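Values below: all heavy atoms of this structure, side chains included; hydrogens, waters and symmetry mates excluded. The first residue of the sequence shown is numbered 1, and numbering continues consecutively from there. All values reported here derive from a predicted model rather than from experimental measurement.
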Amino acid sequence: QPCASNPDINPASANSGCLLSGELNSTWYEINVSAGGSLEFSFGAPGGGNCYDWIMWPKTPTVCADIVAGTQAPVRCNWNGSCDSYTGIAGTVPVGGFADNFEPPLVVTTGQQFLICFSNFSSAYTSVPLDFFGTADISCVTLPVEFGEFYGERVRGDNQLVWNTLSEVNCDRFEVERSENGMDFIKVGEVK
């Protein structure tokens with residue numbers, strides 16, 4: 001039975017679905033609309049050979065639990081059919097893009113918020129630009145930490161986390177948490 005968070009049927013186009021193939025190397029984005037209009041964006045750039053998939057949900061107080069439970073339907077998503085390192089939402093497919101990698105624009109209002117899960121399915125070690133266009137305005141907030149790399153692995157029966165940062169602003173420590181169910185987390189340590 002398909003769940004509402006990861007449907008077999010794309011909610012906005014004939015593309016085959018959303019994040020359907022063991023997605024990995026995901027990055028999460030919070031999008032805040034500061035002025036309504038037509039929301040359009042692109043991940044990546046034309047001319048590559050990487051598969052970038054993504055899914056977008058409206059942000060609500062319970063969205064994270066609803067995504068895990070499979071009860072929150074997305075508003076847009078794309079399973080990158082052409083794997084050309086270029087995807088997003090656009091009224092007119094950008095130069096160098098393929099129609100099966102772009103979804104129709106989304107009409108948004110001031111104050112709306114969305115979550116996007118971006119999957120680097122190809123495990124490409126490269127920067128992936130995120131560009132907004134269309135008539136809606138997005139407010140951007142700089143986060144205090146810019147991660148360069150983050151991964152975890154099982155080592156001799158324990159979980160080992162390794163990360164590095166590209167920048168840190170007014171940061172004191174990292175709090176390490178764990179979860180049994182992916183929703184409820186408890187602190188297990190901290191790193192200065």
Side-chain angles (χ1 to χ4, degrees), residues 2-64 66-67 70-143 146:
C3 72
S5 293
N6 189 4
D8 290 331
I9 299 171
N10 189 316
S13 76
N15 186 296
S16 62
C18 312
L19 304 187
L20 294 175
S21 296
E23 306 301 330
L24 63 155
N25 303 314
S26 298
T27 302
W28 289 79
Y29 298 89
E30 180 178 313
I31 308 301
N32 299 294
V33 179
S34 58
S38 176
L39 178 63
E40 300 181 46
F41 62 78
S42 66
F43 283 111
N50 298 309
C51 293
Y52 299 145
D53 305 336
W54 57 270
I55 189 167
M56 179 177 176
W57 299 273
K59 185 176 179 210
T60 66
T62 60
V63 69
C64 292
D66 294 341
I67 291 168
T71 58
Q72 179 63 61
V75 292
R76 293 288 186 275
C77 66
N78 189 273
W79 184 72
N80 199 255
S82 297
C83 288
D84 75 333
S85 303
Y86 200 30
T87 184
I89 358 181
T92 301
V93 175
V95 174
F98 291 90
D100 62 345
N101 289 345
F102 283 85
E103 299 298 322
L106 183 64
V107 176
V108 296
T109 58
T110 302
Q112 279 189 294
Q113 296 178 305
F114 300 93
L115 291 180
I116 297 177
C117 179
F118 171 80
S119 171
N120 178 357
F121 184 75
S122 298
S123 301
Y125 191 73
T126 185
S127 61
V128 179
L130 170 57
D131 294 314
F132 290 95
F133 43 96
T135 59
D137 286 333
I138 304 302
S139 64
C140 296
V141 178
T142 302
L143 297 175
E146 181 181 5

* Asked: side-chain contact (heavy atoms from CB on, under 4.5 Å) between Asn101 and Asn78: does it pass, once the steps are laid out?
  -> CA-CA 6 Å; Asn101 289 345; Asn78 189 273; 4.2 Å; yes

* Asked: What do the steps show when you test Phe43 against Tyr29 for ring-ring contact (aromatic ring centres under 6.0 Å, His included), and what is the final call?
  -> CA-CA 12 Å; Phe43 283 111; Tyr29 298 89; 5.7 Å; yes

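Here the shortest heavy-atom pairing between Val93 and Ala99 reads CG2-CA, 3.9 Å. Closest heavy-atom contact between Glu103 and Ser13: OE1-OG, 2.6 Å. Residues Pro105 and Ser38 share a closest heavy-atom pair of CB-OG, 3.3 Å. When all heavy atoms of Pro104 and Ala12 are compared, the closest pair comes out as CG-O, 3.4 Å. Shortest non-hydrogen contact noted between Gly44 and Val128 is N-CG1, 3.4 Å. Residues Gly88 and Trp54 approach most closely at O-CZ2, 3.4 Å, considering heavy atoms.
Separating the CG atom in Asp137 from the OG1 atom in Thr110 is a distance of 8.5 Å, to the nearest 0.5 Å. Note that the CG atom of Leu39 and the OG1 atom of Thr109 stand 11.0 Å from one another [nearest 0.5 Å]. Going from atom CD of Gln72 over to atom OG1 of Thr60 covers 5.5 Å, rounded to the nearest 0.5 Å. Taking SG of Cys83 as the start and CZ of Phe98 as the end, the distance is 10.5 Å to the nearest 0.5 Å.
Among the candidates Gln112, Lys59, Gln113, the single residue satisfying the side-chain hydrogen bond (donor to acceptor under 3.5 Å, both in side chains) test with Asn32 is Gln113. Between Phe41 and the choices Asp131, Leu106, Leu130, the side chain to side chain contact (heavy atoms under 4.5 Å, CB included) rule is met once, by Leu130.
Under the rule for a side chain to side chain donor-acceptor pair (under 3.5 Å), Thr135 has no partner lying at least two apart in sequence or in another chain. Taking Phe133 as the reference, nothing meets the ring pair (Phe, Tyr, Trp, His ring centres under 6.0 Å) condition, with sequence neighbours excluded.
Formation of a donor-acceptor pair under 3.5 Å by the Asn15 side chain with backbone atoms of Trp79 is found in this model. A distance-only check finds a donor-acceptor pair linking the side chain of Ser85 to the backbone of Gly49 [under 3.5 Å].
Between Ile31 and Phe132, some side-chain heavy-atom pair lies under the 4.5 Å cut-off. Proximity of Val63 to Pro58: side-chain heavy atoms (C-beta onward) are nowhere separated by under 4.5 Å. Looking at Thr126 and Asn120, their side chains never come closer than 4.5 Å, going by heavy atoms from C-beta outward. Residues Phe121 and Asn80 form no side-chain contact, since every pair of their non-hydrogen atoms from C-beta on lies 4.5 Å or further apart. Proximity of Met56 to Ile89: side-chain heavy atoms (C-beta onward) are separated by under 4.5 Å at one or more points.
Residue pairs meeting the salt bridge (Lys or Arg N to Asp or Glu O under 4.0 Å) criterion with at least one partner in residues 80-96, sequence neighbours excluded, do not occur; the list is empty.
Phe102 and Tyr86 have perpendicular rings, their planes meeting at more than 60° on a 0 to 90° scale where under 30° would count as parallel.
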